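Note that the structure is predicted; figures quoted are calculated from it, not measured. The analysis underlying the following values was restricted to heavy atoms, covering all of them including side chains, and did not include hydrogens, waters or symmetry mates.
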Amino acid sequence: MARQPREHEELNELQESGDIPPDNWNSDWFPFTENGGGNYMCLSQKTSEIFYYDKYGASTGQKFDSFDSWLKDLYDGYEAL
């Protein structure tokens with residue numbers, strides 16, 4: 001199995017220690033982008049849905065049904081510039 005990124009390991013450790021509430025992080029999520037402030041877009045390895053992880057829990061949740069829909073949204077955003 002491929003090695004998980006450092007961020008994934010750190011977030012799992014923080015959740016296990018109780019520093020992240022269980023409803024704010026899922027160990028199934030694979031972080032693939034970061035905003036520079038500790039928040040990530042994450043791919044669910046089970047469902048392929050895209051979730052946003054907010055380190056404060058304010059807006060954590062599902063954002064896209066699939067990686068394709070996230071990529072289309074990103075492309076459309078760049079096209080609009």
A.B. asks: Does Lys72 pair with Asp76 as a salt bridge, N-O distance under 4.0 Å?
C.D. replies: yes
A.B. asks: Could you tell me if Thr60 and Asp54 have a donor-acceptor pair between their side chains, going purely by distance under 3.5 Å?
C.D. replies: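 Asp54 vs Thr60: no donor-acceptor pair found between side chains.
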A.B. asks: According to a hydrophobic-cluster definition based on side-chain heavy atoms being under 4.5 Å apart (Ile, Leu, Val, Met, Phe, Trp, Tyr only), do Tyr53 and Tyr56 belong together?
C.D. replies: no
A.B. asks: Below 30° counts as parallel, above 60° as perpendicular, anything between as tilted: where do the rings of Phe51 and Trp29 land?
C.D. replies: parallel
A.B. asks: Nearest 0.5 angstrom please: Ser48 OG to Asp65 CG, how far?
C.D. replies: 11.0 Å
A.B. asks: Is there a continuous path of hydrophobic side-chain contacts, each under 4.5 Å between heavy atoms, that joins Leu81 to Tyr75?
C.D. replies: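 Each belongs to a different hydrophobic cluster.
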A.B. asks: Could you pull out all residues at least two apart from Asn26 that satisfy side chain to side chain donor-acceptor pair (under 3.5 Å)?
C.D. replies: none
A.B. asks: Identify the residue among Arg6, Met41, Glu7 that makes a side-chain contact (heavy atoms from CB on, under 4.5 Å) with Pro31.
C.D. replies: Glu7
A.B. asks: Can you find a heavy atom in the side chain of Trp25 that is under 4.5 Å from one in the side chain of Cys42?
C.D. replies: yes
A.B. asks: Within the 4.5 Å heavy-atom criterion, are Gln45 and His8 side-chain neighbours or not?
C.D. replies: yes
A.B. asks: Apply side chain to side chain donor-acceptor pair (under 3.5 Å) to Ser44 and list each qualifying residue two or more places apart in sequence or on a separate chain.
C.D. replies: Asp28, Thr47
A.B. asks: If every non-hydrogen atom of Ser27 is compared with every non-hydrogen atom of Asn12, which pair is closest and at what distance?
C.D. replies: CB-OD1, 3.1 Å
A.B. asks: Roughly how far, to the nearest 0.5 Å, is the CG atom of Leu14 from the CD atom of Glu9?
C.D. replies: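 Going from the CD atom of Glu9 to the CG atom of Leu14 covers 12.0 Å.
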A.B. asks: Can you see which heavy atom on Ile50 is nearest to which on Leu43, and at what distance?
C.D. replies: CD1-CD1, 3.6 Å
A.B. asks: Considering residues at least two apart in sequence or located in another chain, which fulfil the salt bridge (Lys or Arg N to Asp or Glu O under 4.0 Å) criterion with Asp19?
C.D. replies: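 In terms of salt bridge (Lys or Arg N to Asp or Glu O under 4.0 Å), with neighbours along the sequence ignored, Asp19 is linked to no residue.
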A.B. asks: Less than 4.5 Å apart, any side-chain heavy atom of Thr33 and any of Tyr40?
C.D. replies: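 No, too far: nothing below the 4.5 Å cut-off.
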A.B. asks: Hey, what do you get for CH2 (Trp70) to NZ (Lys63), rounding to the nearest 0.5 Å?
C.D. replies: 14.5 Å
